[in-house]
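Throughout, a chain's letter reflects where its sequence line sits, starting with A, and its residues are numbered from 1. Any value given below was found using the heavy atoms of this structure, including those in side chains, with hydrogens, waters and symmetry copies removed.
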There are 2 protein chains.
Amino acid sequence: MDPVDDLAMPFLLMSAFRNLVDAVHAQLADDGFPGVRATHGFAMQAIGAGCTSVELGERLGVSKQAAAKTASTLEEMGLLRREPVERDARQKLLVPTPAGRRMLRLSASAFRAELARWREDVGDAGVDATLATLSVVAAGGRGPTDLSDWT
Amino acid sequence: MDPVDDLAMPFLLMSAFRNLVDAVHAQLADDGFPGVRATHGFAMQAIGAGCTSVELGERLGVSKQAAAKTASTLEEMGLLRREPVERDARQKLLVPTPAGRRMLRLSASAFRAELARWREDVGDAGVDATLATLSVVAAGGRGPTDLSDWT
DNA sequence: CTCAGATGGACAACCTGGTTGACCATATAC
DNA sequence: GTATATGGTCAACCAGGTTGTCCATCTGAG
């Protein structure tokens, strides 16, 4: 009888993502980071300990100009600092400020909290199966940031 | 040992969605609908047999103006027709053209084909568990189109 | 029947996040 | 030393969304 049709998959993926991200942003706003959008979080995650605009663009899968623009707004939000690199005067390293690192920590714990809620709702087996499945079908995508170093 | 960390969930959801949609669009482009973007597909699905701009906005979770803009581009693409409603001269019904319906059919079969590929890669159990899990956590979201009438 | 209010649609101005193209300063390779 | 590659920035543009305003039309209460 196929209780959930395959055709619903794109909608479900989008909707789940949206709910997850909305929940995290609501929590972040409560914690004193009201203006954070999905792009900002992804970019900060992608930056990690620090990288250049070009690298950020590659990790996010966007042009270096788009990455630089995002970095500028993150800088204005005080989450990021551009600092010169001594061995190459062209480069500017994007490094998270203490506020940026705090935001990252809060965001990580908000994601974990929301996932814990999912686990309560559907059980560990379902969530684990979903993670396993998605990590197969998401592989190969040159999508935004490989997140291998999410802390 | 937690082979896939909970923190990867947002990335996996996005990446899976992106891969899925990219694959479908590549197929659509091959089938003679090169310019179709994710928004267009979602909007066409939301329109279904036909609705007004206001309804479309509600189904997509966007303002009526945004919905009308999208409808205009769909009209220019020849996927959609605006036709007057005799019982209310204010309304204009958005109805798919034959090309629009063809695109919907092709898009549906492309989605099913891609899902079939997923099923080959990870097995039916994983995909079914994912569908079941996501339909729980996606619920309640006022996300785009309830897709209850995807054909 | 009429008229106030609700509703559908359109237009304009604006924002965000992305694109491409051009350009300059600096590194690097030959 | 000089050609070329690379990192960063600026400018123009686009898509898709927002809000505010406005008009035409429908609807319901007198």
With [X], which residues qualify under side-chain hydrogen bond (donor to acceptor under 3.5 Å, both in side chains), at least two apart?
X	value
B:Arg101	none
A:Asp121	none
A:Thr133	B:Thr130
A:Gln65	none

Could you identify which residues cluster with B:Val95, counting Ile, Leu, Val, Met, Phe, Trp and Tyr as linked when any side-chain heavy atoms lie under 4.5 Å apart, either directly or through a chain of such contacts? B:Val85, B:Leu93

Under a side-chain separation threshold of 4.5 Å, the hydrophobic residues clustered together with A:Val54 are none

Sequence neighbours excluded, the answer for side chain to side chain contact (heavy atoms under 4.5 Å, CB included) partners of A:Asp30 is A:Gln27

If the cut-off is 4.0 Å, is A:Arg82 near the phosphate of D:dT9, judged by side-chain N/O to OP1 or OP2? yes

Between the protein and nucleotides 4-8 of chain C, which nitrogen or oxygen pairs come in under 3.5 angstrom?
{"residue": "C:dT7", "atom": "O2", "partner": "B:Arg90", "partner atom": "NH1", "Å": "2.5"}

Heavy-atom contacts, protein to nucleotides 13-18 of chain C, under 4.0 Å, summarised as B (base), S (sugar-phosphate only) or - (none) per nt, yield B---SB

Salt bridge (Lys or Arg N to Asp or Glu O under 4.0 Å) evaluation trace for B:Arg112 with A:Asp6: CA-CA 6 Å; B:Arg112 289 198 209 275; A:Asp6 279 3; over 6 Å; no

Expressed as a whole number of angstroms, how long is the span from A:Gln65:CD to D:dT6:C1'? 13 Å

Could you state the atom-to-atom distance from CG of A:Leu93 to C1' of D:dG7 in whole Å? 12 Å

Scan for salt bridge (Lys or Arg N to Asp or Glu O under 4.0 Å) pairs involving residues 66-77 of chain A, sequence neighbours excluded, and state none if there are none. A:Glu75-A:Arg82

N/O donor-acceptor pairs under 3.5 Å from side chains in residues 32-43 of chain B, not counting sequence neighbours:
{"residue": "B:His40", "atom": "ND1", "partner": "B:Arg37", "partner atom": "N", "Å": "2.9"}

Overall bend - the helix from C:dC1-D:dG30 to C:dC30-D:dG1, comparing terminal axes fitted on five pairs, nearest 10 degrees: 10°

